[in-house]
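The structure appears below as structure tokens.
Every number for a ligand or one of its atoms is a count from 1 in the order of the listing.
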Amino acid sequence: MIKVAILGVGTVGSAVAEILKRNQAVIQARSGKKIVPVVGVVKDLNKKRDVDIELTDDIESVLNRDDIDIYVELLGGVEGPHQILKRILKKGKPVVTANKALLAYHRYDLQAVSNGVAIGFEASVAGGIPIIKALREGLSANHIKSIQGIMNGTSNYILTKMMHEKVSFEQVLKEAQELGYAEADPTFDVGGYDAAHKLLILASIAYGVHGDPEDILIEGIEHISQEDIYFAKEFEYTIKLLAIAKRRGSQVELRVHPAMVPSSKMIAKVDGVMNGISVVGDAVGETMYYGPGAGGEATASSVIADIIDIAREGKSSPMLGFKNPLEESALTLMPQEEIKTKYYIRMPVKDQKGVLATIASILGSCDISIDSFLQKPGVDDKDRVTLLFATHTCKESDVKRALEKINDLEFVLSRPNMIRIEE
Ligand SMILES: NC(=O)c1ccc[n+]([C@@H]2O[C@H](COP(=O)([O-])OP(=O)(O)OC[C@H]3O[C@@H](n4cnc5c(N)ncnc54)[C@H](OP(=O)(O)O)[C@@H]3O)[C@@H](O)[C@H]2O)c1
């Protein structure tokens with residue numbers, strides 16, 4: 001019998017306990033062992049909950065038990081669970097976690113302390129989608145060229161609604177909060193931070209690259225307007241919050257931001273709260289993964305898959321999937337300002353002579369070449385027009401420099417908006 005302790009019996013933890021019981025026979029058939037959740041840790045024992053597992057609020061007593069075979073960490077937080085996981089690993093006990101925030105900062109440290117003891121973390125990226133298994137195992141023969149994913153269901157729900165229903169960001173966010181799809185403080189999701197945590201985890205498996213969330217380009221969807229959506233549709237693009245990793249020589253570029261994606265691409269069709277991830281390998285070509293990125297049962301499905309793996313195989317292969325450095329000289333993070341892509345730039349301006357020439361000259365002086373241009377007359381205000389530029393590939397730092405200069409012009413009516421284009 002494999003005894004499991006569940007640290008944190010909330011949304012995911014209670015689903016883990018429930019599925020371990022409900023699917024006990026099939027889980028036993030697959031693992032060859034009877035897997036039993038013997039204790040769960042919570043903060044507030046008085047909270048009403050519908051779980052069939054012994055509960056305690058004394059985490060120390062559970063950490064000190066010798067009869068637990070696998071610990072499952074579903075507490076949330078960063079530094080607290082980091083210390084807890086280190087303690088468990090040092091005792092030689094395997095752990096399973098869904099905690100992306102913790103892994104975004106401490107994945108290499110945990111791998112180092114683990115000394116070969118299994119750490120399962122499938123549920124930390126894209127909930128129910130087995131993307132970590134795909135990268136660590138299924139695609140292990142490949143050099144990974146790129147990863148491009150929709151990894152935050154809340155943002156995708158909001159953008160999907162905005163694309164289909166002509167409603168503002170604020171309106172959909174409010175509705176998403178009422179439906180329970182968005183947190184009361186949505187910054188973590190709509191600001192791109194949650195997706196960035198997941199991207200860092202995937203990039204460390206694919207490239208062995210180091211870095212904290214603070215080191216990478218992160219931009220949220222808060223500034224996307226119906227005007228952007230209108231122009232996106234005009235050019236047959238869909239706006240998605242993408243988490244992108246790309247190999248560029250000896251560097252890896254990592255970024256999270258809203259992007260215009262051709263509407264014909266598979267990833268553009270990943271709608272609502274669903275997640276979708278495309279991984280391109282040099283041998284396999286493009287592969288695509290789709291499914292629920294969150295939710296108690298979907299996430300528990302991945303947590304239990306890790307438990308089964310550990311029960312079946314004991315000590316697992318290295319946490320991040322490589323025993324030696326992946327490259328002769330380690331790949332490094334590309335500085336944000338060096339990132340190159342295409343851009344869509346929108347700006348409302350006064351309808352007067354010389355505006356276009358001045359803006360074109362600023363863009364040219366910043367090494368930005370224009371691919372296409374569109375002008376939309378103001379609806380209520382006849383003296384206002386919206387200018388739209390799509391650029392050829394250019395440098396992030398050049399675009400930011402140009403936008404600062406344009407923003408200072410007296411005929412520019414509000415801050416120009418920029419969205420990157422991902423073909
Ligand atoms: N929810 C999802 O869809 C999802 C998806 C992927 C990954 N994850 C990750 O999974 C983890 C758990 O998420 P969740 O949504 O299940 O969170 P949750 O519903 O807030 O549950 C957290 C649980 O941990 C307990 N807890 C928190 N701090 C504690 C402490 N200091 N001592 C003892 N117990 C403590 C809470 O106790 P009380 O019940 O008494 O408050 C609760 O049972 C997080 O790392 C999250 O990022 C979640």
* Between F373 and F389, what is the ring plane arrangement, given parallel below 30°, perpendicular above 60°, and tilted in between? -> tilted

* **Ring geometry between Y181 and Y157 (parallel below 30°, tilted from 30 to 60°, perpendicular above 60°)** => perpendicular

Taking only heavy atoms of [X] into account, list the atoms of ligand 1 that are under 4.0 Å away from them.
| X | result |
| --- | --- |
| L74 | 12 (C), 22 (C), 23 (C), 24 (O) |
| G295 | 2 (C), 3 (O) |
| A123 | 6 (C), 7 (C) |
| G10 | 16 (O), 19 (O), 21 (O), 23 (C), 42 (C), 43 (O) |
| A294 | 3 (O) |
| G76 | 44 (C), 45 (O) |
| V41 | 33 (C) |
| K100 | 6 (C), 7 (C), 8 (N), 47 (O) |

* To do: Answer yes if a protein heavy atom lies under 4.0 Å from atom 20 (O) of ligand 1, otherwise answer no.
  => no

* atom 17 (O) of ligand 1: protein heavy atom closer than 4.0 Å? -> no

* To do: Assess R49 for proximity to ligand 1: is some non-hydrogen atom of it under 4.0 Å away?
  => yes

* **contact_flag L75 ligand 1 heavy-atom lt 4.0 Å** => yes

Protein residue, atom and distance nearest to [atom], heavy-atom basis:
| atom | result |
| --- | --- |
| atom 6 (C) of ligand 1 | T299 CG2, 3.5 Å |
| atom 31 (N) of ligand 1 | K43 CD, 4.3 Å |
| atom 25 (C) of ligand 1 | G8 CA, 3.8 Å |
| atom 40 (O) of ligand 1 | D44 N, 2.7 Å |
| atom 38 (P) of ligand 1 | K47 NZ, 3.4 Å |
| atom 9 (C) of ligand 1 | A98 O, 3.4 Å |

* **S278 vs E286, side chain to side chain donor-acceptor pair (under 3.5 Å): CA-CA, chis, key distance, verdict** => CA-CA 7 Å; S278 145; E286 182 172 15; 2.7 Å; yes

Taking all atoms of both residues into account, what is the closest heavy-atom pair of [X] and [Y], and its distance?
| X | Y | result |
| --- | --- | --- |
| L74 | I6 | CD1-CG2, 4.1 Å |
| Q226 | V167 | NE2-O, 2.8 Å |
| D189 | S155 | O-OG, 3.0 Å |

Looking at [Y] and [X], is any side-chain nitrogen of the basic one under 4.0 Å from a carboxylate oxygen of the acidic one?
| X | Y | answer |
| --- | --- | --- |
| E234 | K376 | no |
| E404 | R415 | yes |
| K246 | E422 | yes |

* Asked: Between N156 and D271, is any side-chain donor less than 3.5 angstrom from a side-chain acceptor?
  -> no

* Whether over 12 other heavy atoms sit under 6.0 Å from K166 NZ -> no

Could you list the donor-acceptor pairs under 3.5 angstrom formed between side-chain atoms of residues 138-145 and any protein atom two or more places apart in sequence or on another chain?
{"unit_1": "S140", "atom_1": "OG", "unit_2": "E137", "atom_2": "O", "d": "2.9"}
{"unit_1": "N142", "atom_1": "OD1", "unit_2": "A283", "atom_2": "N", "d": "2.8"}
{"unit_1": "N142", "atom_1": "OD1", "unit_2": "V284", "atom_2": "N", "d": "2.9"}
{"unit_1": "N142", "atom_1": "ND2", "unit_2": "L139", "atom_2": "O", "d": "3.3"}

* **Heavy-atom nearest neighbour of atom 13 (O) of ligand 1 within options I84, V12, V9** => V12

